[in-house]
Amino acid sequence: MRVPTYDELDQLPRHLARTVPAEFIDDNGHMNIGRYLELGGKALWQRCQRELGMPEDYIERRGFSTFTAEHHLTYHSELLEGDDVSVRVRLVARSAKVLHAVCLIVDETNRRLACTMETTAVHMDMTERRPVDFPDDVAALIDAGLAADDRPWPAPLCGAMGVRRR
């Protein structure tokens with residue numbers, strides 16, 4: 001896996017930014033594994049709500065949501081208390097029912113990639129609790145996001161997961 005440079009990462013918008021607080025630190029003196037999932041998950045959810053047509057009332061208003069089917073975390077460097085961190089969500093691919101994205105958790109203090117959180121999310125009908133196609137308007141926004149996220153450098157992917165075409 002090729003790790004993107006900070007300048008490449010900085011081409012993508014920040015979907016979340018904060019400073020690592022003391023309560024995120026584990027016994028090893030660095031940010032705990034669960035906090036990487038928390039930050040990546042929150043950033044992906046915010047992007048879905050703000051840019052991909054799945055706002056806060058998506059479940060209530062339209063009866064749909066997304067369920068995470070798979071995650072893969074890869075650590076590239078430590079995050080320590082007081083480090084500034086951002087998360088940039090890069091869309092990778094989609095099928096009719098599945099979105100594949102990578103959350104790039106960036107150590108802004110040291111200008112480097114700290115962690116990648118690769119995710120596949122399945123679009124769900126909340127009444128039937130079954131996978132369903134993205135509505136046309138949401139699919140169009142995802143496609144626009146995929147085009148906007150396209151870069152000449154490859155997304156740092158694990159190679160073990162993604163959208164399965166059937």
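Treat the numbers as computed from the prediction; the structure is a model and nothing was measured.
Under 4.0 Å is where a charged nitrogen must lie from a carboxylate oxygen, and between D57 and R62 no such pair does. Looking at D125 and R130, no side-chain N of the basic residue comes within less than 4.0 Å of a carboxylate O on the acidic one, giving no salt bridge.
Listed by first then second residue, pairs satisfying ring pair (Phe, Tyr, Trp, His ring centres under 6.0 Å) with a partner in residues 99-142 read Y58-H123, F64-H123, H123-F134, not counting sequence neighbours. Identified under the ring pair (Phe, Tyr, Trp, His ring centres under 6.0 Å) test for residues 67-88, with sequence neighbours left out: Y36-Y75.
Scanning all heavy atoms of the two residues, the minimum distance from L113 to P4 falls at CD2-CD, 4.0 Å. For R2 against W153, the heavy-atom pair with the smallest separation is NH1-CB, 3.8 Å. When all heavy atoms of L79 and V20 are compared, the closest pair comes out as CB-CG2, 4.4 Å. Here the shortest heavy-atom pairing between L146 and A93 reads CD2-N, 3.4 Å. Minimum heavy-atom separation, M117 to G41: CE-N, 3.5 Å. The shortest non-hydrogen separation linking I105 to G40 is CD1-N, 4.3 Å.
In this structure, NE2 on H30 lies 11.5 Å from OG on S77, to the nearest 0.5 angstrom. Remark: S86 OG to L12 CG distance equals 9.5 Å, nearest 0.5 Å. Atom CG of L44 sits about 10.0 Å away from atom CD of Q49, to the nearest 0.5 Å. Atom SG of C115 sits about 8.5 Å away from atom CD1 of I33, to the nearest 0.5 Å. Between the CE atom of M31 and the CD atom of E78 there is a distance of 11.0 Å, given to the nearest 0.5 Å. We find the NZ-CE distance between K97 and M124 to be 10.5 Å, quoted to the nearest 0.5 Å.
L104 and L157 fall within a single hydrophobic cluster, where Ile, Leu, Val, Met, Phe, Trp and Tyr are joined by side-chain heavy atoms under 4.5 Å apart, directly or via other members. At a threshold of 4.5 Å between side-chain heavy atoms, the hydrophobic network of Ile, Leu, Val, Met, Phe, Trp and Tyr places L52 and I59 in two separate groups. Neither L16 nor Y6 shares a network with the other; the hydrophobic side chains, linked directly or stepwise wherever heavy atoms of I, L, V, M, F, W or Y lie under 4.5 Å apart, form separate groups for each. In the hydrophobic cluster analysis, where Ile, Leu, Val, Met, Phe, Trp and Tyr join through side-chain heavy atoms closer than 4.5 angstrom, V132 is grouped together with V138. A continuous path of hydrophobic side-chain contacts links I142 to V89 [ILVMFWY only; heavy atoms under 4.5 Å].
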Step by step, would you call K42 with R18 a side chain to side chain contact (heavy atoms under 4.5 Å, CB included)?
CA-CA 12 Å; K42 183 178 279 192; R18 67 169 307 159; 5.7 Å; no
Derivation and outcome, side chain to side chain contact (heavy atoms under 4.5 Å, CB included), residues R111 and D7:
CA-CA 9 Å; R111 297 174 53 96; D7 288 337; 3.6 Å; yes
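Of the possible polar contacts, none joining the E70 side chain to the M161 backbone as a donor-acceptor pair under 3.5 Å is found. Counting only distance, with no hydrogens or angles, the side chain of N32 and the backbone of G34 share a donor-acceptor pair below 3.5 Å. A donor-acceptor pair under 3.5 Å is formed between the side chain of R88 and the backbone N or O of L9. Side-chain N or O atoms of R151 include none that pairs as donor or acceptor with a backbone N or O of R90 at under 3.5 Å.
Remark: D136 CG is loosely packed, at most 12 non-hydrogen atoms of other residues, nucleotides or ligands lying under 6.0 Å away. Annotation: E60, atom CD; neighbour count of heavy atoms from other residues, nucleotides and ligands within 6.0 Å does not exceed 12.
Cluster partners of W45: none. The rule joins Ile, Leu, Val, Met, Phe, Trp and Tyr whenever side-chain heavy atoms lie under 4.5 Å apart, and it links nothing here. Annotation for L141: hydrophobic cluster partners, listed by chain and number, are none (ILVMFWY side-chain heavy atoms under 4.5 Å, direct or chained).
By the salt bridge (charged side-chain N to carboxylate O under 4.0 Å, His left out) test, D149 is found to be paired with R47, residues two or more places apart in sequence or in another chain being considered. With sequence neighbours excluded, no residue satisfies side chain to side chain contact (heavy atoms under 4.5 Å, CB included) with A140.
Using a 4.5 Å cut-off on side-chain heavy atoms (C-beta onward), T66 and L99 make no contact. Taking the side chain as every heavy atom from C-beta outward, V85 and D107 never approach each other to under 4.5 Å.
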